[in-house]
Amino acid sequence: MSSGRETRSRRGGWGWYLLLIIPFIGTLFPGMYNALTPTLGGMPFYYWYQLLWVVITGLLTIVVYLATR
Amino acid sequence: MNLTELIVFLVLFALVTVVGFVAARWQRGDLNLLDEWGLAGRRFGTLVSWFLIGGDLYTAYTFIAVPALVYGAGAIGFFAVPYTIVVYPLVFLLMPRLWSVAKQHGYVTASDFMRGRFDSRGLALAVAITGILATMPYIALQLVGMQVVLQTLGIAGKGIIGDLPLIVAFGILAAYTFTSGLRAPALVAVVKDALIYITVIVAVIAIPAKLGGFGHIFQAAAAAHLPLTLSPKAFTAYATLALGSAMALFFYPHAITGVFSTRSTEVIRRNAALLPIYSILLGLIALLGYMAVAAGIKVPVTSLAVPVLLTKMFSPWFVGFAFAAIVIGALVPAAIMAIAAANLFTRNIYREYFRPDCSPRQEASVAKWVSLFVKVGALIFVIGLPLQFSIYLQTLGGIWILQTTPALIGGLYSRWFHRSALLIGWLLGMVLGTWMAASLKFQSSTFPLHIGGTVLPGYAGIWALIVNLVIVVVLSLILNAMRVSNGRDETSPSDYVRAEAAVPAVD
């Protein structure tokens with residue numbers, strides 16, 4: 001995303017879409033998060049990590065939406 | 001049977017029935033046209049679409065089955081969470097293009113798109129039949145979700161008399177779907193989701209408080225020998241189940257119907273960012289499975305875990321409220337699925353093969369009747385056949401829908417894929433996927449693939465899709481090299497990115 005102004009234009013912002021690959025990497029390799037600790041509020045890591053990715057994915061999508069509008 | 005429970009339940013059900021019929025008058029359109037009856041005139045804005053698509057995808061069956069899986073099998077049941085995470089980037093990328101080309105050419109179904117894009121009756125029929133076959137058992141499963149709740153309420157039992165409450169509920173649903181079309185589930189979805197959100201938020205705050213906190217709940221689950229994390233052998237199964245389910249989800253006819261009913265691509269893009277709120281809800285609902293274990297709930301079938309947990313934890317009026325939420329939660333997707341199947345049958349089988357000259361009014365009329373037959377069929381299925389049958393078929397449905405994605409996604413993005421290659425790839429994928437599921441006796445969709453000396457367990461739908469794709473690529477190379485005709489493409493590249501239509505908002 002070197003040409004900042006270009007990528008912000010309506011049609012030229014395809015680079016922003018690459019952000020949407022991140023959730024696939026974050027969630028589809030269970031080896032990364034298949035652990036009980038650290039817990040959060042009594043919840044094992046495995047569970048709150050995946051729930052956290054719901055939020056991260058939503059935020060990433062908002063960023064891409066705004067950037068490619 | 002508890003009287004308070006029942007009264008609260010019936011009052012809410014009656015409210016929703018009124019809403020369903022009133023919906024016909026909402027944002028008035030000529031309901032004698034398929035675009036109005038079956039897609040509500042493609043006018044829904046961000047908020048209504050959020051409720052409609054959310055209510056469409058996160059079904060009552062989901063709310064029963066996901067915690068039931070966690071209750072019975074532990075960590076693997078949480079795959080619904082990554083599944084409903086990765087689905088939205090896909091929606092964000094694919095669905096605006098599909099919406100645009102559909103709007104431009106008046107496509108009502110994915111099969112219409114295949115017909116226009118590839119000039120191929122074979123591909124169109126393949127997509128239509130796959131869609132109808134995958135949707136029917138899904139409707140039946142919604143009924144199963146309702147049946148579970150009605151049984152726990154104590155107003156459903158054995159025999160025909162025992163099935164009467166289900167028949168009545170479904171009859172009401174069929175009637176307002178017939179008169180109001182897609183407007184009915186859209187408006188009902190608003191009520192339904194309000195009930196569901198309240199139920200779940202109360203449940204995930206109050207139940208852990210009663211059970212001594214999440215730490216205690218997970219300890220109890222571990223003490224009951226439930227695996228709280230995955231066995232490393234299950235990693236590929238977990239990932240392929242999540243990815244395969246996500247890829248299939250939005251190509252189900254009912255999801256396409258929801259997407260096509262939106263006003264603009266902006267509405268779809270915004271919803272891709274807002275619908276994950278439902279996924280958080282689903283993750284919390286999944287944890288109800290562990291809460292049921294911690295509360296010492298013992299049930300003969302896992303699907304009863306959540307209803308019994310709610311009965312044990314809450315006072316009768318709230319139980320009635322929660323049960324109404326689940327039953328109404330089944331009505332919304334069941335209605336949309338019936339409409340979607342009716343759209344497919346009418347456009348891509350009836351009009352294509354039986355009455356090519358039928359008028360728009362006849363088309364809408366046929367769709368209404370078909371939606372009724374589809375529901376009656378699902379009802380007979382659930383009452384007449386063992387429950388396990390619907391579950392098997394629904395497992396197959398996901399595998400089948402996945403086999404249509406090369407043609408649909410390929411068609412959206414590229415002109416390179418050859419229509420005959422896509423059709424042959426689809427056919428082999430269907431056969432292979434069905435064979436894998438059958439070899440597992442339909443008990444599971446995780447097929448152990450033997451590669452060399454290692455065994456890789458994964459979602460049968462994904463294995464079949466890989467074979468499907470290889471066939472499609474190889475045959476496309478050959479057919480394109482031989483310059484075999486790829487049909488007349490009636491779409492042009494600009495159709496896929498066309499700006500918004502000028503129709504008034506519904507929000």
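Residue numbering restarts at 1 for every chain, and letters A, B, ... go by the order of the sequence lines.
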Bottom line for B:Tyr290: the part with an atom under 4.5 Å from chain A's heavy atoms is side chain
Segment of B:Leu274 engaging chain A (4.5 angstrom heavy-atom cut-off): neither
Report the C-alpha distance between B:Arg269 and A:Thr68 in whole Å, list the side-chain angles of each, state the deciding distance to 0.1 Å, and finish with yes or no for side chain to side chain donor-acceptor pair (under 3.5 Å). CA-CA 10 Å; B:Arg269 282 154 49 91; A:Thr68 56; 2.9 Å; yes
Contact leader toward chain B among [options], where contacts are heavy-atom pairs under 4.5 Å:
{"options": "A:Trp53, A:Phe24, A:Phe29, A:Tyr47", "answer": "A:Tyr47"}
{"options": "A:Val64, A:Leu59, A:Leu28, A:Leu36", "answer": "A:Leu28"}
{"options": "A:Gly41, A:Gly58, A:Pro44", "answer": "A:Pro44"}

Please step through side-chain contact (heavy atoms from CB on, under 4.5 Å) for the pair A:Met43 and B:Leu287, ending with a clear verdict. CA-CA 10 Å; A:Met43 204 184 278; B:Leu287 296 178; 3.7 Å; yes
Toward chain A: residues of residues 211-222 of chain B with heavy atoms under 4.5 Å: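 B:Phe214, B:Gly215, B:Phe218, listed by number.
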Taking non-hydrogen atoms and a cut-off under 4.5 angstrom, which of residues 240-247 of chain B neighbour chain A?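 Listed by number, the contacting residues are B:Ala242, B:Leu243.
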At their closest point, which heavy atom of [X] faces which heavy atom of [Y], and how far apart are they?
{"X": "A:Leu51", "Y": "B:Ile280", "value": "CD2-O, 4.3 Å"}
{"X": "A:Pro30", "Y": "B:Leu230", "value": "CB-CD1, 3.7 Å"}
{"X": "B:Ala273", "Y": "A:Ile62", "value": "CB-CG1, 3.6 Å"}
{"X": "A:Val54", "Y": "B:Pro276", "value": "CG1-O, 3.3 Å"}

Is the NZ atom of B:Lys233 crowded by more than 12 outside heavy atoms at less than 6.0 Å?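 No, NZ of B:Lys233 has 12 or fewer neighbouring heavy atoms, counting only those of other groups under 6.0 Å.
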Kindly compute the distance separating CD1 (B:Ile85) from CG (A:Leu52), expressed to the nearest 0.5 Å. 9.0 Å
Quick check for you: to the nearest 0.5 Å, what is the distance between A:Thr57 atom OG1 and B:Phe92 atom CZ? 13.0 Å
Can you name the residues that form a ring-ring contact (aromatic ring centres under 6.0 Å, His included) with B:Tyr278, not counting sequence neighbours? B:Trp50, B:Tyr58, B:Tyr197
According to the side-chain hydrogen bond (donor to acceptor under 3.5 Å, both in side chains) rule, which pairs have a member within residues 26-46 of chain A, sequence neighbours left out?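 Residue pairs with at least one partner in residues 26-46 of chain A: A:Tyr46-B:Tyr238.
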